2 protein chains.
Amino acid sequence: MISRKERDKQLRRSDILKAAEHLFALKGYHKATIRDIAKEAQYASGTVYLHFKDKNDLYFALLEEKMKSMLFTTKERVAQANDVKKKLEIFVQEGLSFFEKNQDFFRIFISEEDGYFSERKILKSSTGLQTQEYTAGLLREAQKKGLISKDFDAEQIAEVFTSIIKTIILNWLQKKDVRNNNLIDLSGTILRLFLKGVADK
Amino acid sequence: MISRKERDKQLRRSDILKAAEHLFALKGYHKATIRDIAKEAQYASGTVYLHFKDKNDLYFALLEEKMKSMLFTTKERVAQANDVKKKLEIFVQEGLSFFEKNQDFFRIFISEEDGYFSERKILKSSTGLQTQEYTAGLLREAQKKGLISKDFDAEQIAEVFTSIIKTIILNWLQKKDVRNNNLIDLSGTILRLFLKGVADK
DNA sequence: ATTTTAAATGAACAGTTGTTCAATAATTAG
DNA sequence: CTAATTATTGAACAACTGTTCATTTAAAAT
């Protein structure tokens with residue numbers, strides 16, 4: 001059971017997270033100040049520290065939440081498909097669509113990151129590891145069904161796979177102002193490239 | 001003809017660039033202060049501003065120089081090969097080897113970048129554009145020789161190609177402390193993945 | 001209604017850093 | 001050798017920001 005007091009606390013917490021998301025997305029990590037965030041959430045700066053240890057903590061809480069929800073919906077949608085290829089398709093699509101929806105926030109990755117936080121910590125976070133493991137499992141399944149050569153190590157291929165997707169996304173983010181194509185439309189190309197390469201015939 | 005005065009000026013400039021390279025590599029952009037850099041170059045902080053407009057300018061001058069030298073040696077080595085596949089091989093190898101040699105400096109990319117500078121500006125820099133164009137030309141050649149399907153747009157494929165390499169490098173940088181494999185050894189895998197995908201048989 | 005407990009505030013603190021510029025030192029010219 | 005020019009210096013400036021904490025305000029308990 002959750003007390004009224006606790007629920008209110010959660011609400012305030014999410015007020016701050018919401019403001020943080022907006023400002024991190026708008027200005028990047030360094031240029032979004034605690035003052036800004038507190039102001040947007042309609043609190044004083046000190047209040048932020050009643051909910052988060054420090055600025056880093058706030059940022060990672062936000063990130064963890066985002067990734068958790070991405071993994072959750074992806075798993076859910078992938079589970080509905082039967083054959084492996086379809087699963088991979090949905091996996092890619094879901095990933096791209098999530099980034100498209102949250103593009104402002106994820107823009108931080110191309111704009112600025114601070115020393116030791118960056119991806120190293122993200123990948124090692126609980127949800128990060130879960131995601132990596134889930135992806136490897138999916139590809140292992142694809143290997144079993146003969147879709148992917150058994151020469152490759154599943155974990156390694158999983159890395160490359162997510163890397164490609166990540167890269168496509170980053171590139172897309174960077175050129176968003178120039179082109180105006182849909183990110184999800186790229187999912188076919190990605191899978192083709194990954195599964196069949198670009199070889200002729 | 002270059003006067004003594006000018007040569008000395010160039011020398012001081014490169015003193016500062018050298019120190020900047022070391023400290024940016026060691027601490028990242030934000031945490032490497034002008035004071036640090038000046039001190040290591042054995043100058044006072046004010047002197048830096050006699051050679052560079054500001055910290056940003058210093059950073060980009062460094063980056064431009066690095067990229068210029070990379071493009072130059074790559075072009076030189078690639079030109080020596082005759083068949084296209086070999087050219088691609090050398091291209092990949094050269095890229096990887098350059099990053100391996102300058103890994104400390106390029107570590108900045110995974111550790112921290114500031115707002116509007118990041119890759120957007122790099123890619124649009126003169127050398128960045130030249131590199132992109134050169135890569136596209138190489139892939140266009142590969143298309144002509146039937147190595148790559150003509151369905152693809154050369155510029156687009158060039159992007160994906162460099163993206164994959166970049167990603168592999170970033171991943172490698174991130175895990176350098178964990179694994180200890182050689183970056184250049186990955187070139188074969190990269191080309192295989194790119195040209196043939198990971199399809200079975 | 002009064003006391004006790006908890007939450008929120010925001011001014012003040014402490015530290016940092018890019019940048020400037022008057023003063024100083026070194027170089028060059030006459 | 002002296003004067004003029006140029007380069008170098010580094011203390012001082014100004015602006016910023018994460019974080020704290022004494023004080024105020026609100027809520028809960030009695």
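Sequence lines set the chain letters: A, B, ... in the order given, protein chains first and strands last, and positions in each chain run from 1. For clarity, every value in this text was computed on a predicted model and none was experimentally measured.
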Between C1' of dT17(D) and CD1 of I37(A), the distance in whole Å: 12 Å
Salt bridge (Lys or Arg N to Asp or Glu O under 4.0 Å) against R13(A), all qualifying residues, sequence neighbours excluded: none
Pairing residues for Q93(B) by the side-chain hydrogen bond (donor to acceptor under 3.5 Å, both in side chains) criterion, not counting sequence neighbours: none
Rounded distance (Å) that lies between atom C1' of dT9(D) and atom CG of L50(B): 10 Å
Counterpart residues, side-chain contact (heavy atoms from CB on, under 4.5 Å), relative to E65(A) (two or more places apart): L17(A)
Sequence-distant partners of K87(A), salt bridge (Lys or Arg N to Asp or Glu O under 4.0 Å), two or more places apart: E141(A)
Protein-nucleotide distance (D36(A), atom CG; dT17(D), atom P), rounded to Å: 8 Å
Atom-to-atom span, OH of Y43(B) to P of dA11(D) - whole angstrom: 19 Å
Rounded distance (Å) that lies between atom P of dT17(D) and atom CG of L58(A): 16 Å
Sequence neighbours excluded - salt bridge (charged side-chain N to carboxylate O under 4.0 Å, His left out) pairs with any residue from residues 69-82 of chain B: R77(B)-E94(B)
Strand-adjacent residues in residues 13-23 of chain A, judged by heavy atoms under 4.0 Å from DNA chain D: none
Protein N or O to nucleotides 18-20 of chain C N or O, pairs below 3.5 Å:
residue: dG18(C); atom: OP1; partner: K55(B); partner atom: NZ; Å: 2.5
residue: dG18(C); atom: OP2; partner: I34(B); partner atom: N; Å: 3.1
residue: dG18(C); atom: N7; partner: R35(B); partner atom: NH2; Å: 2.8
residue: dG18(C); atom: O6; partner: R35(B); partner atom: NH2; Å: 2.9
residue: dT19(C); atom: OP2; partner: Y49(B); partner atom: OH; Å: 2.6
residue: dT19(C); atom: OP2; partner: K55(B); partner atom: N; Å: 3.1
residue: dT19(C); atom: O5'; partner: Y49(B); partner atom: OH; Å: 3.3

dA7(D) phosphate, OP1 or OP2, under 4.0 Å from R12(B) side-chain N/O: no
Partners passing side-chain contact (heavy atoms from CB on, under 4.5 Å) against D83(B) (at least two apart in sequence or in another chain): K85(B), K86(B)
Partner set under side-chain hydrogen bond (donor to acceptor under 3.5 Å, both in side chains) for E40(B), not counting sequence neighbours: H22(B)
Close side-chain approach of I37(A) and L58(A), heavy atoms under 4.5 Å: yes
